[in-house]
Amino acid sequence: MTMGTRVYLARLAGLGVFDPNGDRVGRVRDAVVRLRTTNRPPQIVGLVAEMALRRRIFLPIGRVTSMDAEAVVLSTGTLNLRRFEKRPNELLVVEDLLDRRVTVMPETGDGPGTQGNVVDIGMEQNRSNEWLVTRVAVREHTGRLARRGHVYQAEYERLRNLFGPTDTQGTSNLLALLEQMRPADMANALQDLPDARRNEVAAALSDRTLADVLEELPEHDQVEILVRLDRERAADVLERMDPDDAADLLAELPKTEQAVLLDLMEPEEAAPVRQLMIYQQGTAGSVMTSEPVIMTPDATVAEALARIREPELSPVVAAQVFVARAPAATPTGKYLGMVHFQRLLREPPATILGGIVDSDLDPLRPEVTLAEITKRMATYDLVAMPVVDNSHRLLGAVTVDDVLDHSLPRDWRDRDAVGADEQQATP
């Protein structure tokens, strides 16, 4: 970095952080602004990076040797792994300042200012090697729903209310930033927001995105967000969740609220969720997905490969095709066996699935415990196992991610549950 180079901080969010050897040590999540008691511009003192196990740590700006559109590079691989905590005189760019409603005064200093929302914060290095807030990108507020104002840059000195009350914050620019992330990363970012802003941002997400994010949040955050939605919207979001995740979330609500939301869901979407909620917690029935890839024995390898290529399928669900007689929706006709995707790749496209099905593996019954499922998966190196009823009809499949999710402590997704002991480490 050379002195005078301007860096826009919101653009750094999501970039990889690398040590001097080129090894990745984390990902940028935010930047820390320190307020000053004088009229001098605020100082950028460091970045917040996310490490393994969702730990957020502080990276002093002096440890950063370069920042560009591709990566942030550090001068050392030795990091202080104490969990980041914001101090009273500090603010975070993405969390606290993005979308803030501000007034931009005229360059001449005379006349009324114009209203706008913060899009980004620009910093520059002075002769003392301090990084200071010098410019702010602002989107003009038009007051018209159908028209977005243009974005322009203004000197920091012209802004008013940049550090005012948080109720002047909108959500549009933060949403644009979050929607570039994977659902797990988006869920992690939401956990860092104050409750009111987190709920506001979550409510502004699309039904599909919010469903994906809820599946990655701790249960108490799932419930907090869901109950603040109107019931029709909550039912729409539940419809877009995987049935097993929707069942787990509904199980955290009072029985009366469960009934209301299930009744508001489309019957065909609510049916598998109702079925999953019947099974005892900690069994195959309670953790299985009721929507694995199921095909009839007369389907071809080409048809099966086309099915598992569908982008909405997770890797573990797409790793195998379960073969059953019609009907192909759970509960199916008689379960015949499974075909792993590697076998599909080795067979001619016109091959019939019924001729290559693997029927050696005994399927699970709904009452089998997670401990037993874990042992069997480990013994046979499986990523999914079928679950059948007394009539040998396929009810669903338990996948390895289901097992991990329910075997870990209930609060494993909650970043606050991880200890914050200070330690030194070289990644």
Side-chain angles (χ1 to χ4, degrees), residues 1-2 4-15 27-35 41-44 47-48 61 67-72 91-126 131-181 185-186 189-190 192-194 197-198 200-206 209:
M1 297 180 297
T2 58
T5 301
R6 184 178 303 144
V7 177
Y8 279 91
L9 294 162
R11 299 179 189 178
L12 298 180
L15 293 182
R27 186 182 293 273
V28 177
R29 285 299 176 223
D30 219 319
V32 183
V33 181
R34 179 171 295 166
L35 306 182
Q43 183 180 4
I44 305 298
L47 304 176
V48 178
I61 198 71
M67 293 179 281
D68 57 33
E70 302 296 328
V72 171
L91 293 172
L92 296 176
V93 169
V94 173
E95 181 177 316
D96 298 318
L97 301 181
L98 203 63
D99 290 305
R100 182 70 63 89
R101 176 71 63 84
V102 294
T103 301
V104 182
M105 304 307 293
E107 292 187 38
T108 60
D110 300 325
T114 58
Q115 300 293 309
N117 291 90
V118 174
V119 174
D120 210 337
I121 302 288
M123 68 174 183
E124 294 182 72
Q125 197 174 28
N126 65 12
W131 285 91
L132 306 178
V133 174
T134 56
R135 297 179 76 82
V136 179
V138 177
R139 183 180 298 280
E140 180 184 25
H141 180 64
T142 64
R144 301 178 184 176
L145 294 177
R147 178 186 169 194
R148 298 186 72 190
H150 75 280
V151 176
Y152 62 97
Q153 297 182 32
E155 296 80 5
Y156 165 75
E157 291 78 9
R158 294 172 55 199
L159 264 71
R160 304 292 183 270
N161 306 322
L162 179 59
F163 305 113
T166 55
D167 59 6
T168 62
Q169 256 181 307
T171 61
S172 59
N173 294 297
L174 179 55
L175 281 174
L177 184 63
L178 291 175
E179 286 171 349
Q180 300 174 25
M181 302 180 182
D185 292 332
M186 194 184 305
L190 285 179
D192 298 326
L193 299 177
R197 182 150 166 78
R198 179 200 61 199
E200 181 183 12
V201 171
L205 296 171
S206 68
T209 301

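Position 1 is the first residue of the sequence; numbering continues from there.
- Residues V136 and V104 fail the side-chain proximity criterion, which asks for heavy atoms closer than 4.5 Å.
- Annotation for A71 and L15: closest pair N-CD1, 4.2 Å, computed over non-hydrogen atoms.
- At a threshold of 4.5 Å between non-hydrogen side-chain atoms, the residues Q115 and T103 count as touching.
- Remark: R135 CZ to E124 CD distance equals 7.5 Å, nearest 0.5 Å.
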R11 and M67: CA distance, side-chain angles, deciding distance, side chain to side chain contact (heavy atoms under 4.5 Å, CB included) verdict: CA-CA 10 Å; R11 299 179 189 178; M67 293 179 281; over 6 Å; no
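- Proximity of Q153 to R6: side-chain heavy atoms (C-beta onward) are separated by under 4.5 Å at one or more points.
- For the pair D99 (side chain) and L174 (backbone), a donor-acceptor distance under 3.5 Å is present.
- Looking at L9, L47, V94 one by one, the single match for side-chain contact (heavy atoms from CB on, under 4.5 Å) with D30 turns out to be V94.
- V28 approaches L12 most closely through the heavy-atom pair CB-O, 3.4 Å.
- Residues L98 and V93 are not in side-chain contact: their nearest non-hydrogen atoms beyond the backbone lie 4.5 Å or more apart.
- With hydrogens and angles left out, the side-chain atoms of T134 and E155 include no donor and acceptor closer than 3.5 Å.
- Nearest heavy-atom pair across A10 and V119 is CB-O, 4.3 Å.
- When all heavy atoms of F163 and R100 are compared, the pair lying nearest together is C-NH1, 3.6 Å.
- A donor-acceptor pair is defined here as one N or O able to donate and one able to accept, closer than 3.5 Å; such a pair exists between the side chain of R158 and the backbone of M105.
- When all heavy atoms are compared, the tightest approach of P194 to E95 is CD-OE2, 3.9 Å.
- In this structure, the side chains of I121 and V33 stay at 4.5 Å or more apart for every pair of heavy atoms.
- At least one side-chain heavy atom of R29 sits less than 4.5 Å from a side-chain heavy atom of D185.
- L132 has its side chain out of reach of Y156: every pair of non-hydrogen atoms, C-beta onward, lies at least 4.5 Å apart.
- Atom CZ of residue R198 and atom CG of residue L190 lie 8.0 Å apart, to the nearest 0.5 angstrom.
- Just one residue in the list D120, V133, L91 forms a side-chain contact (heavy atoms from CB on, under 4.5 Å) with L97, and that residue is L91.
- When every heavy atom of P112 is checked against every heavy atom of P106, the shortest pair comes out as O-CG, 3.5 Å.
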